[in-house]
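Below: one structure, written as structure tokens.
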Amino acid sequence: MPIERIKVIREAESQADEIRRQANLKAKQLVDTARKDAAALLAAAHTDADAAYKRMLAEADREAQAIYDRVIRETEKECEGIIAESDKNLDQGVSIIMERL
């Protein structure tokens, strides 16, 4: 084989090696970029999820407080009714006792 052809083949092999090296480097860079982007997306998702959790927790707390307040008001009304009824019964009881004496 002539020396000139060997030189051409070696040059082609050298260029092919350089193309492979560049392709590998580019692939590594793409993977690194993808990992960084994925980490950033994950961090953003955590932040969003945390904010949503806090909003939902605050809303649940407001709803629970409203229910608590309503139950307290209803119970106070019931207690007032019971007290009024017991006062009425007390007055009747005293009247009955006074009549028997």
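Through chains of ILVMFWY side-chain contacts below 4.5 Å, Ile67 is grouped with Val71. Ile19 belongs to no hydrophobic cluster with other residues, because no ILVMFWY side-chain heavy atom falls under 4.5 Å from its own, directly or through intermediates.
By the side-chain hydrogen bond (donor to acceptor under 3.5 Å, both in side chains) test, Asn24 is found to be paired with no residue, residues two or more places apart in sequence or in another chain being considered. Residues that satisfy the side-chain contact (heavy atoms from CB on, under 4.5 Å) test with Gln15, not counting sequence neighbours, are Glu11. Take Glu59 and apply the salt bridge (charged side-chain N to carboxylate O under 4.0 Å, His left out) test, not counting sequence neighbours, and it matches Arg62. With sequence neighbours left out, Glu76 forms a salt bridge (charged side-chain N to carboxylate O under 4.0 Å, His left out) with no residue at all. For Glu74, the salt bridge (charged side-chain N to carboxylate O under 4.0 Å, His left out) partners two or more places apart in sequence, or in a different chain, are Arg70. For Gln65, the side-chain hydrogen bond (donor to acceptor under 3.5 Å, both in side chains) partners are Asp69, not counting sequence neighbours. Not a single salt bridge (charged side-chain N to carboxylate O under 4.0 Å, His left out) links Arg10 to another residue, sequence neighbours left out.
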Listing, residues 28-43 side-chain donor-acceptor contacts under 3.5 Å, not counting sequence neighbours, or none:
unit_1: Thr33; atom_1: OG1; unit_2: Gln29; atom_2: O; d: 2.9

Contacts table for residues 81-88: side-chain donor-acceptor under 3.5 angstrom, sequence neighbours left out:
unit_1: Ser86; atom_1: OG; unit_2: Ile82; atom_2: O; d: 3.3
unit_1: Ser86; atom_1: OG; unit_2: Ile83; atom_2: O; d: 2.8

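Going from atom CD1 of Ile9 over to atom OG of Ser14 covers 13.5 Å, rounded to the nearest 0.5 Å. Expressed to the nearest 0.5 Å, how far CD1 of Ile6 lies from CD of Glu13 amounts to 10.5 Å.
Among residue pairs with one or both ends in residues 45-55, those qualifying as side-chain hydrogen bond (donor to acceptor under 3.5 Å, both in side chains) are Asp50-Lys54; sequence neighbours excluded.
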